[in-house]
S.K.: 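Pasting a structure below so you can have a look.
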Amino acid sequence: MLFYLLRRGTFIFAFLIFVHQITASDTNYNSSFTPDHIRYLQNETQALFVHAWSSYMEYGFPADEVRPITCEPYGPDYEDINNTVRNDAMGNISSTVLDNLDTLVIMEQWDQLESMLSYLKNNQQDLFEQDTIVQVFELSIRSLGGLLSAHLLLTDITNNRKVIPPKYIRLQEISKKYDGFLLEMAYDLGLRLIPAYKTSTNIPVPRVNLAKGVRDVPPPLQRDACTSGATTPVLEFTLLSRLTGDPQFESYTQLTFWKLWTSKSTLNLLPMTLDPIANTWKDTLTGIGASIDSFYEYAAKASIIFDDKYMWSVFKTSYKALLTHSAQGGGPFEGSMIFPNVGTNDGALQTDWIDSLGAFWAGLQVLTGQVTEAIKTHMIYLKLWNYFESIPERWVYVHFNKPSKAITSNDSIALEWYPLRPEFIESTYYLYRATKDPMYLQIGERVLNLFKNKFKTTCGFNGIQDVRTGELQNRMETFVMGETLKYLYLLFDTKDEVFLHSNLMSNKNWVFSTEAHPLWFNKHISPSYREKSNKSDEVYQLKRPFFQKIMSLMNSEESLISTNDSSYFRNITLPQAADFQIPAVKNLQKRDPFVNRFEVCETNPFNKNLNSVAFLKSGFYSMDYLFSADYSYRNSLIKPDYLSETSLDNSYVELTPSFFDKFTMYAKNEGQEFFLQCPRPHTTERYELFMGDISQINQIEVSELYYNPPANSEELIIMDGDLWVPELNSLRIQFEKLRAGLVDTRNVVISHEFIETTRQDDYNGKHAISKKNEKPSKSKGHTEKDIGLVLRIAKINGVQVKPNSIIWTLPFEPHIPSPGQQSVIDIASDGRVIISGNVVENLMVWYD
Ligand SMILES: *[C@@H]1O[C@H](CO)[C@@H](O)[C@H](O)[C@H]1NC(C)=O
Ligand SMILES: *[C@@H]1O[C@H](CO)[C@@H](O)[C@H](O)[C@H]1NC(C)=O
Ligand SMILES: *[C@@H]1O[C@H](CO)[C@@H](O)[C@H](O)[C@H]1NC(C)=O
Ligand SMILES: *[C@@H]1O[C@H](CO)[C@@H](O)[C@H](O)[C@H]1NC(C)=O
Ligand SMILES: *[C@@H]1O[C@H](CO)[C@@H](O)[C@H](O)[C@H]1NC(C)=O
Ligand SMILES: *[C@@H]1O[C@H](CO)[C@@H](O)[C@H](O)[C@H]1NC(C)=O
Ligand SMILES: *[C@@H]1O[C@H](CO)[C@@H](O)[C@H](O)[C@H]1NC(C)=O
Ligand SMILES: *[C@@H]1O[C@H](CO)[C@@H](O)[C@H](O)[C@H]1NC(C)=O
């Protein structure tokens, strides 16, 4: 078993027996990540970009894309308007160019940039005059965002600067000649897209015909709207309004955004699909993947660009709701964290799969200061990359009702394609910037090598059509250059030489758009905006009727979109809480665990674990739970047959021998040199319990306690990090089931003594009611009292319970069950709470 007590010797041995196939160039550097090596990686990435771009110019341009295997131009399917997979992001508008103007700047392709600018200038009048049906969302993020970004780059980077790095002299020259026509083109495109928002419901239809308008789109193509699609344009469109002075883009998209937000469920979750004409949600499902991903992303990013506290509160509220209802794993002793789909009304788990698109989440977690959680979210996608050399569009992480021996690699791949999506490398880039851990460079090098050896083809890069068989895809979407290669290149910019990382960007609230376009806003770049108001943004907004409407939406209580769902909650019978006050102890204080986490920006969590004698080291290896995901998801991480033959050096990224040899050279545990330890995988089970009415969960207080005892004071039983839950109602609790002989999540073998001492005070004989309850009930679903079991709360309403912390609650009247009732709550003589006849180790009643 590879998961515990891996001494370095045996570890290396296990992985060196494979035959290596490292390419010649890599062995010159062998994971050293010296400045030379990194320069080499950057050059290689740039060369890949040049390969893709020049192929496009030769065989694709001026079409939207080039087909990488057959070297043909690729554009809309004029035969079949129903072919939305192909048509949504293609308008016969040279999409690859629009999506990559800023990539040309980042890759320093000045001649190409000049030539593309003059091409666009010459075609400015009729580029968008195309009889094609496109998706508003796709054109907003790819084309509109691309134009706005390029406009900002050419007007607000080198202008008015006396001192600029020599490599940006060309950019300065090009900028001097630039007359602002890209903003005019953005305005033209905006005017063609905005009619989609002018519906009676204020929910946009998803598609427009660029030349003929929204009425020319057949109604069947207008029904499948999603939350991302409707809300995401708010960022690019608001920027377009601020830059042009025409308020309609901002007004309409903000109205939609706030209308949807006010229609969230009582759990603060938004469904993923809607019908813009019927004004209804079409499902009661949510998560972080396809159809909703960029909603959260843009709440956070719009709050940064526009300094908008309302948007920030949408992100915080959503993040808390997702931690409470969707997040699996990620506790103090877990190496990975996933966010599967849950019901918006009951929070119950709905799917056994997660999306490839969800890989962006770790990057967003870094941006919003949640670095430890980002490392854990990213981990699972790293494991996927290890096993599939790609990330299947939809991966089944758990197999219900199937014996594990019968599970094959195919069973875990629910959607089988990988179109070279950027999200994994994007998050790797954010994590490197936040931690500077060389592991993230190693990941980048391995991705780079796959691009060189597996995805590169005659005219660009092919995606994978079928991860199960290795079948290739003859398509290179515009984001391959615009995002995947861009983030890879920026990852290797460890010396901050690219302007985005330099002081050319200082004093700008810039973010990458969801399509990796750098965007920012400040008033001085917008003459028209400045003319309109000398006042603050907020005053400017409030004066306008649209914003008055938005403000009233934000304050409204009712849902503005109907939902047909009949919600269901799993209730257990509740005690009546006696009182709702915190114990009156001097210097005992409470804080909201969620508010607290957004007030501090988490610094590199790896540093905490590294000791000072370390020389070359990767903090990544200081995580004890590095391999826990391999174990937890062992039934879903199975390599397809064809891959074992072709993987680059037959090792997983974090076990690449040359990297492992260099970056684990640190001593741990005095005297134990070169010692790595992985904990035993836990063998305890977990389950979740919903107590009371879950729809009221946001009304329930869960506070963190902290205590500064005055001198000479009595010892208080409460400790820092304990939790305070005054009422046992509307709780979502994750329990760990402790039994003698099992290994718990803290890597402790549970002893008989522990079980006996913890249970000795349970209510056997203490209360009469327990006797009644001992008779086995025939009703299905009844939770039996279980003599050998102790429960421990791992998570309560989204808050991870720290090791050795206690959750305190107020005394309550023990509940006496009547026949047919499901459950009972009682108090043991030592103050611990008993649920369904089982003592909860860390839930105690506070007696003042
Ligand atoms: C890199 O490692 C390979 C295999 O261990 C070795 O043959 C090669 O000499 C090394 N290269 C350098 C520059 O150290
Ligand atoms: C990277 O490219 C630059 C210019 O293209 C070249 O001068 C340099 O030697 C290259 N460095 C490496 C390590 O390949
Ligand atoms: C597109 O689908 C609609 C039904 O949704 C159908 O009536 C129409 O004929 C289809 N068009 C083509 C070109 O296949
Ligand atoms: C695509 O756009 C070009 C102009 O950029 C135009 O000449 C061509 O006719 C368009 N293709 C179709 C099928 O409309
Ligand atoms: C909602 O329910 C109404 C009536 O029960 C029905 O006509 C409508 O189609 C339903 N809408 C959705 C989106 O299911
Ligand atoms: C997995 O799926 C692929 C594609 O359908 C198929 O060719 C292959 O035989 C399957 N492998 C197994 C082991 O079922
Ligand atoms: C804004 O301020 C400038 C200078 O202070 C002034 O010239 C201009 O008239 C003001 N504009 C408005 C709309 O108040
Ligand atoms: C769950 O309990 C709450 C109050 O405790 C009650 O209002 C609600 O109707 C119950 N739900 C179900 C489905 O029994």
S.K.: Closest approach of Ser175 and Thr158, non-hydrogen atoms and distance?
M.R.: OG-OG1, 3.5 Å
S.K.: Write out all pairs satisfying side chain to side chain donor-acceptor pair (under 3.5 Å) with one or both partners inside residues 52-63, taking only residues at least two apart or from two chains.
M.R.: Trp53-Gln112
S.K.: Is a side-chain N or O of Asp99 found less than 3.5 angstrom from the main chain of Gly482, in a donor-acceptor match?
M.R.: no
S.K.: Would you please indicate yes or no on a ring centroid separation below 6.0 angstrom for Tyr252 and Phe237?
M.R.: no
S.K.: Classify the side-chain pair Thr514/Ser294 by whether it contains a donor and acceptor separated by less than 3.5 Å.
M.R.: no
S.K.: Nearest 0.5 angstrom please: Leu152 CG to Phe521 CZ, how far?
M.R.: 9.5 Å
S.K.: Measure from the side-chain N and O atoms of Ser140 to the backbone N and O of Pro233, and report whether any donor-acceptor pair falls under 3.5 Å.
M.R.: no
S.K.: How about Pro204 and Val136: do any of their side-chain heavy atoms sit closer than 4.5 Å?
M.R.: no
S.K.: Are any of the side-chain nitrogens in Arg86 or Glu65 under 4.0 Å away from the carboxylate oxygens of its partner?
M.R.: no
S.K.: Among Glu393, Glu426, Glu483, Glu477, which one satisfies side chain to side chain contact (heavy atoms under 4.5 Å, CB included) with Arg421?
M.R.: Glu393
S.K.: Is there a donor-acceptor pair under 3.5 Å between the side chain of Lys486 and the backbone N or O of Ile106?
M.R.: no
S.K.: Evaluate the side chain to side chain contact (heavy atoms under 4.5 Å, CB included) criterion for residues Arg192 and Glu129: first the C-alpha distance (whole Å), next the side-chain angles of each, then the deciding distance (0.1 Å), finally the verdict.
M.R.: CA-CA 9 Å; Arg192 292 168 195 268; Glu129 190 59 26; 2.9 Å; yes
S.K.: Looking just at side-chain N and O atoms, do Gln130 and Thr132 make a donor-acceptor pair shorter than 3.5 Å?
M.R.: no
S.K.: Given the rule in the side chain to side chain contact (heavy atoms under 4.5 Å, CB included) test, do Ile413 and Phe388 qualify, once you have shown the distances and angles that lead to the verdict?
M.R.: CA-CA 10 Å; Ile413 299 172; Phe388 301 111; 3.7 Å; yes
S.K.: Quick check on ring-ring contact (aromatic ring centres under 6.0 Å, His included): which of Tyr487, Phe360, Tyr298 does Phe512 satisfy it with?
M.R.: Tyr487
S.K.: Quick one: do Asn386 and Leu637 satisfy side chain to side chain contact (heavy atoms under 4.5 Å, CB included)? Show the steps, please.
M.R.: CA-CA 9 Å; Asn386 273 341; Leu637 291 171; over 6 Å; no
S.K.: For Gln248, is there any backbone N or O sitting under 3.5 Å from a side-chain donor or acceptor partner on Asp246?
M.R.: yes
S.K.: Among Phe451, Phe455, Phe479, which residue meets the ring-ring contact (aromatic ring centres under 6.0 Å, His included) test with Phe461?
M.R.: Phe451
S.K.: Is there a donor-acceptor pair closer than 3.5 Å between any side-chain N or O of Thr84 and the backbone N or O of Asp88?
M.R.: no
S.K.: State, with a plain yes or no, whether a side-chain heavy atom of Pro76 is found less than 4.5 Å away from one of Val134.
M.R.: no
S.K.: Nearest 0.5 Å please: distance from the CG atom of Asp355 over to the CD1 atom of Ile338.
M.R.: 11.5 Å
S.K.: Any donor-acceptor pair under 3.5 Å linking the side chain of Tyr642 with the backbone of Val467?
M.R.: yes
S.K.: Establish, yes or no, whether a centroid distance under 6.0 Å links the rings of Tyr418 and Trp385.
M.R.: yes
S.K.: Between Glu445 and His37, do the side chains contain a donor N or O and an acceptor N or O under 3.5 Å apart?
M.R.: yes
S.K.: How close do Ser228 and Asp293 get, heavy atom to heavy atom, and via which atoms?
M.R.: OG-OD1, 2.9 Å
S.K.: Any non-hydrogen side-chain atom of Arg394 less than 4.5 Å from a side-chain atom of Ser356?
M.R.: no
S.K.: Hydrogens and angles aside, do Asp131 and Asn209 bring a side-chain donor and acceptor to less than 3.5 Å of each other?
M.R.: yes
S.K.: Within the 3.5 Å criterion, strictly below it, is a donor on Ser94 or Tyr119 matched to an acceptor on the partner's side chain?
M.R.: yes
S.K.: Please enumerate all residues that pass side-chain contact (heavy atoms from CB on, under 4.5 Å) together with Glu173, with sequence neighbours excluded.
M.R.: Ile169, Arg170
S.K.: Would you say the ring centers of Tyr430 and His378 fall short of 6.0 Å from each other?
M.R.: no
S.K.: Decide yes or no for Leu148 and Leu183: does some side-chain heavy atom of the first lie under 4.5 Å from some side-chain heavy atom of the second?
M.R.: yes
S.K.: Looking at CE of Met90 and CG of Asn83, how far apart are the two atoms once the value is rounded to the nearest 0.5 Å?
M.R.: 8.5 Å
S.K.: May I ask you to check whether Tyr168 and Phe499 place their ring centres under 6.0 Å from each other?
M.R.: yes
S.K.: With a 3.5 Å distance limit and no angle check, can you tell me whether Thr478 reaches the backbone of Thr96 through a side-chain donor-acceptor pair?
M.R.: no
S.K.: Answer with yes or no whether the side chains of Ser31 and Gln442 bring together a donor and an acceptor at under 3.5 Å.
M.R.: yes
S.K.: Taking the side chain as every heavy atom from C-beta outward, state whether Phe424 and Thr428 have any atom pair closer than 4.5 Å.
M.R.: yes
S.K.: Apply ring pair (Phe, Tyr, Trp, His ring centres under 6.0 Å) to the pair Tyr429 and Tyr440, showing each step before the final yes or no.
M.R.: CA-CA 7 Å; Tyr429 160 75; Tyr440 296 110; over 10 Å; no
S.K.: Main chain of Tyr397, side chain of Ser636: is a donor-acceptor contact present, judged purely on distance under 3.5 Å?
M.R.: yes
S.K.: Of all the heavy-atom pairs spanning Ile81 and Pro218, show the shortest one and how long it is.
M.R.: CD1-CG, 3.5 Å
S.K.: Which heavy-atom pair separates Leu189 from Ser143 by the least distance, and what is that distance?
M.R.: CD2-CB, 3.7 Å
S.K.: Nearest 0.5 angstrom please: Asn341 CG to Thr351 OG1, how far?
M.R.: 4.0 Å
S.K.: Would a distance-only check, ignoring hydrogens and angles, find a side-chain to backbone donor-acceptor pair under 3.5 Å from Asp283 to Thr273?
M.R.: yes
S.K.: So which atom in Arg207 and which in Val214 form the shortest heavy-atom distance, rounded to 0.1 Å?
M.R.: O-CG2, 3.7 Å
S.K.: Could you please spell out the steps behind the side chain to side chain contact (heavy atoms under 4.5 Å, CB included) verdict for Leu171 and Leu154?
M.R.: CA-CA 8 Å; Leu171 179 62; Leu154 294 172; 4.1 Å; yes
S.K.: Could you tell me which non-hydrogen atom of Arg475 sits nearest to which non-hydrogen atom of Val85, and how far apart they are?
M.R.: NH1-O, 3.7 Å
S.K.: Working to the nearest 0.5 angstrom, can you tell me the gap between Met272 CE and Leu285 CG?
M.R.: 4.0 Å
S.K.: Any side-chain heavy atom of Lys301 sitting closer than 4.5 Å to one from Leu367?
M.R.: yes
S.K.: Would a 4.5 Å heavy-atom cut-off, applied to side chains only, mark Leu48 and Lys452 as touching?
M.R.: yes
S.K.: Donor-acceptor pair, distance only, cut-off 3.5 Å: does the side chain of Glu416 make one with the backbone of Gln465?
M.R.: no
S.K.: Could you tell me if Arg446 and Thr656 have a donor-acceptor pair between their side chains, going purely by distance under 3.5 Å?
M.R.: yes
S.K.: Let me confirm one number: the OG1-CG distance from Thr469 to Asp466, rounded to the nearest 0.5 Å.
M.R.: 3.5 Å
S.K.: Quick one: are Leu490 and His501 in side-chain contact, heavy atoms under 4.5 Å?
M.R.: yes
